[in-house]
Protein chains: 2
Amino acid sequence: MFLTLDLESEEPIYTQLKHQIIAGIAKKEFSPGEALPSVRSLASDLGINLHTVNKAYQQLKQEGFILIHRQKGVVINPDGVAKADDIYWTDLTAKLRPLIAEAVCRDVSDEDFQKLCSQIYTEFQPKE
Amino acid sequence: MFLTLDLESEEPIYTQLKHQIIAGIAKKEFSPGEALPSVRSLASDLGINLHTVNKAYQQLKQEGFILIHRQKGVVINPDGVAKADDIYWTDLTAKLRPLIAEAVCRDVSDEDFQKLCSQIYTEFQPKE
DNA sequence: ATAACTGTTATACTATAAATATAACAGCTA
DNA sequence: TAGCTGTTATATTTATAGTATAACAGTTAT
């Protein structure tokens with residue numbers, strides 16, 4: 001597991017965990033069905049409380065990234081992540097709008113913005 | 001002034017205010033040098049506390065969107081908003097990365113993502 | 001001058017979220 | 001039986017969001 005935390009960040013720990021696990025799935029560092037550490041062991045490894053890990057896991061489960069078997073453990077969703085639906089697009093649009101509004105204010109062109117997005121996309125390209 | 005608030009939203013009120021004012025600047029609904037309502041009158045109009053408005057104004061000032069003259073009032077920055085610099089790009093990248101990571105997980109292609117961004121960009125196109 | 005308006009500062013309070021600290025429960029497994 | 005799962009419950013601390021008053025200093029119009 002290569003999860004690192006920035007305890008100085010304003011981003012809550014459980015959010016950092018969520019983002020890193022989602023990034024790991026995007027980068028194919030985690031395979032469908034692969035087991036994730038238990039809440040206790042991950043909390044122990046990172047030096048944080050088990051409830052913080054549990055909160056991240058619960059939300060990842062709610063959003064379909066992982067499955068949690070009551071007395072087994074936590075695994076990356078074997079069926080993969082649900083495709084983009086209407087709710088997802090609406091949500092993503094709401095998150096992008098303020099970013100693009102500021103970009104417009106700062107004279108960032110549509111093309112420059114897309115260039116940055118494409119560059120970030122390449123970060124999640126599986127290494128050949 | 002066309003500022004509306006969603007008091008049920010998880011997004012803090014002062015953040016909603018910031019986003020709407022930035023969006024207003026992007027849409028050229030606000031012109032450089034144009035006056036904004038005082039903290040008291042805007043707070044009164046919106047039915048919220050003056051400190052909440054003040055917090056939004058202070059951050060907008062900090063980020064260069066508005067100017068505040070001590071005993072005069074609040075105006076849209078007459079010099080326009082500062083162009084994108086290194087700090088801005090780094091910050092924007094950090095905000096986009098989790099969105100793009102999830103998009104990759106949900107099989108959203110670079111092209112589809114860019115299509116959405118372009119569509120949002122058109123929202124901020126000045127009406128001819 | 002006075003009244004009414006600016007932003008600013010200070011203090012206090014409530015409510016909520018984030019994170020931690022323990023503890024216990026139920027079920028699986030070696 | 002011991003040790004591991006996730007889960008639930010309770011309590012505490014800390015930080016943020018938002019409100020409620022009050023006062024100060026400077027401007028502006030009456």
Side-chain angles (χ1 to χ4, degrees), chain A residues 1 3-22 30 33-78 95 98, chain B residues 1 3-22 30 33-78 95 98:
Chain A
M1 293 291 300
L3 297 180
T4 55
L5 295 179
D6 177 6
L7 299 179
E8 307 303 316
S9 169
E10 292 185 13
E11 187 181 10
I13 296 177
Y14 78 95
T15 305
Q16 293 184 44
L17 279 180
K18 284 179 63 182
H19 286 164
Q20 291 203 29
I21 290 172
I22 293 173
F30 299 134
E34 181 175 343
L36 287 180
S38 72
V39 289
R40 284 180 178 82
S41 69
L42 181 52
S44 173
D45 284 354
L46 297 173
I48 61 177
N49 194 274
L50 98 177
H51 291 105
T52 306
V53 176
N54 192 244
K55 187 172 184 176
Y57 276 179
Q58 287 298 327
Q59 294 191 7
L60 286 168
K61 167 190 169 190
Q62 181 68 28
E63 297 165 20
F65 292 96
I66 64 176
L67 295 185
I68 305 180
H69 297 90
R70 171 94 196 192
Q71 267 80 18
K72 285 182 179 178
V74 181
V75 294
I76 303 294
N77 192 331
K95 286 174 179 165
Chain B
M1 292 291 301
L3 297 180
T4 56
L5 294 179
D6 178 7
L7 299 179
E8 309 303 316
S9 168
E10 292 186 14
E11 188 183 10
I13 297 177
Y14 78 95
T15 305
Q16 292 183 43
L17 280 179
K18 284 180 63 182
H19 286 166
Q20 291 202 29
I21 291 172
I22 292 173
F30 299 134
E34 182 174 343
L36 288 180
S38 72
V39 289
R40 284 181 179 82
S41 69
L42 182 53
S44 173
D45 285 355
L46 297 173
I48 60 176
N49 194 273
L50 97 178
H51 290 105
T52 307
V53 176
N54 192 245
K55 187 171 184 176
Y57 276 179
Q58 287 298 329
Q59 293 192 8
L60 286 169
K61 167 191 169 190
Q62 180 68 27
E63 297 166 19
F65 292 97
I66 64 177
L67 294 186
I68 304 181
H69 297 91
R70 169 95 196 193
Q71 266 80 20
K72 286 182 177 177
V74 181
V75 294
I76 303 295
N77 194 332
K95 286 173 179 165

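Note that this is a predicted model, so its numbers are computed, not measured. Proteins come first, then strands; the chains are lettered A, B, ... in the order of their sequence lines, and each starts at number 1.
Counting only heavy atoms from C-beta outward, the side chains of Phe65(B) and Asn77(B) never approach each other to under 4.5 Å. Looking at Ile76(B) and Ile66(B), their side chains come closer than 4.5 Å, going by heavy atoms from C-beta outward. Annotation: side chain of Leu67(A) is in contact with side chain of Pro78(A) (closest heavy-atom distance under 4.5 Å). Using a 4.5 Å heavy-atom cutoff, the side chains of Thr4(A) and Gln16(A) are not in contact. At least one side-chain heavy atom of Tyr57(B) sits under 4.5 Å from a side-chain heavy atom of Val39(B). Using a 4.5 Å heavy-atom threshold, the side chains of Asn49(A) and Asn54(A) count as separate. Using a 4.5 Å heavy-atom cutoff, the side chains of Leu17(B) and Leu3(B) are in contact.
The two atoms that bring Gln58(B) and Ile68(B) nearest to each other are NE2-CD1, 4.1 Å, heavy atoms only.
If you take CD on Gln59(B) and CD1 on Ile22(B), they are separated by 9.5 Å, rounding to the nearest 0.5 Å. One finds the CD1 atom of Ile48(B) at 6.0 Å from the CG atom of Leu42(B) (value rounded to the nearest 0.5 Å).
Atoms CG (Leu67(B)) and C1' (dG7(C)) sit 14 Å apart, rounded to a whole Å. One interatomic measurement links the two molecules: CG of Leu46(A) to P of dA18(C), which rounds to 18 Å at whole-angstrom precision. The interatomic distance linking Tyr57(B) (OH) with dG7(C) (C1') rounds to 11 Å, in whole Å. Spacing between atom CG of Leu50(B) and atom P of dG7(C) amounts to 9 Å, rounded to whole angstrom units. The interatomic distance linking Asn49(A) (CG) with dA19(C) (P) rounds to 10 Å, in whole Å. The distance from atom CG of Asp6(A) to atom P of dA19(C) is 12 Å, rounded to the nearest whole Å. Put simply, CG on Asn54(A) is 14 Å from P on dA18(C), counting in whole angstrom units.
Look at Lys72(A) and you won't find any side-chain N or O under 4.0 angstrom from OP1 or OP2 of dC28(C).
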Here DNA chain C, pairs taken as Watson-Crick or G-U under 3.5 Å and shown with ( ), [ ] when crossing and | when to another strand, reads |||||.|||||||||||||||||||.||||
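For DNA chain D, the residues of residues 7-14 of chain B within the heavy-atom distance limit of 4.0 Å (strictly under) are Pro12(B), Ile13(B), Tyr14(B), sorted by number.
Where DNA chain D meets chain A (any atom under 4.0 Å from a heavy atom), the bounding nucleotides read 5' to 3' are dT5(D) to dA9(D).
At the heavy-atom level, Gln58(A) lies under 4.0 Å from the strands shown only through sugar-phosphate atoms.
When the nearest nucleotides of DNA chain C are assigned to His51(A) and Ser38(B) by heavy-atom distance, the more 5′-ward of the two goes with Ser38(B).
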